[in-house]
Amino acid sequence: MGTTAYGDWIRDFEAARRERAERGDPEWRTGVPLHPAIRRSVQRFQVGEDGDGAELITKAEAAGDAEYASAVRMFVAEERNHARLPALLLASGGAPLIASHWSDRAFVTLRRALGLRLELLVLMIAEVVALRYYRALRDGAGDALTREVAGRILSDEERHVPFHCHRLRRSLRALPPVRVLVTSGWRAALAAVALVVAAEHGPALRRLGVGRGRFVAEVVRSSGPIAVTMR
């Protein structure tokens with residue numbers, strides 16, 4: 001994978017960018033008003049996606065690996081698109097954006113206070129939760145436009161998790177005595193966040209055919225193989 005193992009990731013990000021350009025945007029004119037519970041849920045997730053990624057890029061550049069920093073910039077560009085797509089989905093159904101949400105403020109504050117390794121661990125919590133959420137939205141939404149938007153984001157997230165796992169595996173290699181403790185703590189934190197998300201988004205999850213308990217159980221179950229990969 002290139003000189004520092006990120007050449008293939010760069011090519012993957014570039015291929016995804018070309019595919020998005022060739023495919024173009026969804027047909028926003030087909031949008032319909034979302035069910036109120038789903039609308040509120042999408043508004044909250046959209047706020048969580050809407051960051052500039054500057055802190056992460058700065059930390060990646062400081063790590064001294066030009067290929068990794070380049071890949072992180074491409075990751076951040078995709079995350080910005082993840083904020084843009086739900087914003088346009090909401091607008092197509094006549095729904096406003098919200099300025100902020102307490103959960104996003106808490107995540108941003110925590111991530112900015114940490115170094116690269118710990119920031120990635122926190123970021124991975126959000127990414128793994130997002131995987132299950134956007135899968136539920138893709139499979140359970142009642143209109144084609146919402147399903148398409150969710151499917152596009154989900155496709156990106158399915159690449160993002162292994163990308164961050166790759167970096168964390170290399171990073172945690174320097175901590176052999178505590179790798180299991182780190183990943184076990186990460187799984188515990190992920191379970192706690194999944195509980196909070198299930199409580200906050202419960203009405204939407206029920207509307208999408210996924211109960212709170214099932215959502216949490218599936219997020220926690222999915223974290224096992226990811227933790228093994230990070231180790």
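Small disclaimer: the values here were computed from a predicted structure and weren't measured. Only heavy atoms go into these numbers, but all of them, side chains included; no hydrogens, no water, no symmetry mates. Positions are given from 1 along the sequence.
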Do any N or O atoms from the side chain of [X] and from the backbone of [Y] form a donor-acceptor pair under 3.5 angstrom?
X      : Y      : result
Gln46  : Ala87  : no
Ser184 : Val180 : yes
Ser155 : Arg152 : no
Trp186 : Ala227 : no
Ser41  : Ala37  : no
Thr30  : Glu27  : yes
Ser70  : Ala66  : no
Arg138 : Arg147 : no
Arg187 : Val220 : yes

- Who pairs with Phe45 by ring-ring contact (aromatic ring centres under 6.0 Å, His included), at least two apart in sequence or on another chain? Tyr133, Tyr134, His201

Measure the shortest side-chain to side-chain distance between [X] and [Y] over non-hydrogen atoms and say whether it is less than 4.5 angstrom.
X      : Y      : value
Met124 : Val161 : yes
Leu85  : Ile153 : yes
Leu123 : Phe75  : yes
Val128 : Glu157 : no
Arg231 : Arg169 : no
Cys165 : Arg170 : no
Val149 : Trp28  : yes
Leu56  : Leu116 : yes

- Message: Does this structure show an ion pair linking Glu22 with Arg18, if we count only N-O contacts that are shorter than 4.0 Å?
- Response: no

- With a 4.0 Å cut-off, would you call Arg73 and Glu61 a salt bridge?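 The answer is yes: the pair qualifies as a salt bridge.
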
Pairwise distance [atom1]([X]) to [atom2]([Y]) - rounded to 0.5 angstrom:
X      : Y      : atom1 : atom2 : value
Ile226 : Leu168 : CD1   : CG    : 11.0 Å
Leu90  : Leu97  : CG    : CG    : 6.0 Å
Leu208 : Asp139 : CG    : CG    : 9.5 Å
Leu154 : Leu131 : CG    : CG    : 6.5 Å
Leu121 : Ser171 : CG    : OG    : 8.0 Å
Arg221 : Arg214 : CZ    : CZ    : 9.5 Å

- Query: So, His160 and Glu79: side-chain donor and acceptor under 3.5 Å apart, yes or no?
  - Reply: yes

- Message: For Phe163 and Tyr6, take the angle between the two ring planes, folded into 0 to 90°, and tell me which bin it lands in: parallel under 30, tilted 30 to 60, perpendicular over 60.
- Response: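 Judged by the thresholds at 30° and 60°, the geometry between Phe163 and Tyr6 is perpendicular.
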
What is the minimum heavy-atom distance between [X] and [Y], and which atoms define it?
X      : Y      : answer
Ser92  : Gly31  : OG-CA, 3.6 Å
Ala71  : Phe13  : O-CE1, 3.7 Å
Val76  : Gly53  : CG1-CA, 3.9 Å
Ser222 : Pro225 : O-CD, 3.4 Å
Arg173 : Arg179 : CA-NH1, 4.1 Å
Ser223 : Leu190 : CB-CD2, 3.3 Å

- Task: Determine, for Phe215 and Arg132, whether the Lys NZ or Arg CZ falls below 6.0 Å from the six-membered ring centre while staying within 45 degrees of the axis.
- Result: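 No, Arg132 does not sit over the ring of Phe215.
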
- Item | Verdict with supporting geometry, Glu55 and Lys59, side chain to side chain contact (heavy atoms under 4.5 Å, CB included) | CA-CA 6 Å; Glu55 288 282 338; Lys59 291 172 185 175; 4.1 Å; yes

- Query: Going hydrophobic residue to hydrophobic residue with side-chain gaps under 4.5 angstrom, can you get from Leu120 over to Val228?
  - Reply: no

- Task: Say whether Leu172 and Val178 are linked into one hydrophobic cluster, either directly or through other cluster members, by side-chain heavy-atom distances under 4.5 angstrom.
- Result: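 Yes, one cluster joins them.
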
- Could you please spell out the steps behind the side chain to side chain contact (heavy atoms under 4.5 Å, CB included) verdict for Arg117 and Val182? CA-CA 11 Å; Arg117 180 190 294 133; Val182 170; over 6 Å; no

- Message: Just to verify, what does Glu78 make a salt bridge (charged side-chain N to carboxylate O under 4.0 Å, His left out) with, not counting sequence neighbours?
- Response: Arg20, Arg159

- Query: Listed by chain and number, what are the salt bridge (charged side-chain N to carboxylate O under 4.0 Å, His left out) partners of Arg84, not counting sequence neighbours?
  - Reply: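 Residues passing salt bridge (charged side-chain N to carboxylate O under 4.0 Å, His left out) with Arg84: Asp25.
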
- Audit row: Val197, Val219, side chain to side chain contact (heavy atoms under 4.5 Å, CB included) steps and yes/no: CA-CA 11 Å; Val197 171; Val219 168; over 6 Å; no

- Under the side chain to side chain contact (heavy atoms under 4.5 Å, CB included) criterion, do Met74 and Arg17 qualify, and how do the steps go? CA-CA 9 Å; Met74 293 176 178; Arg17 179 185 58 78; over 6 Å; no

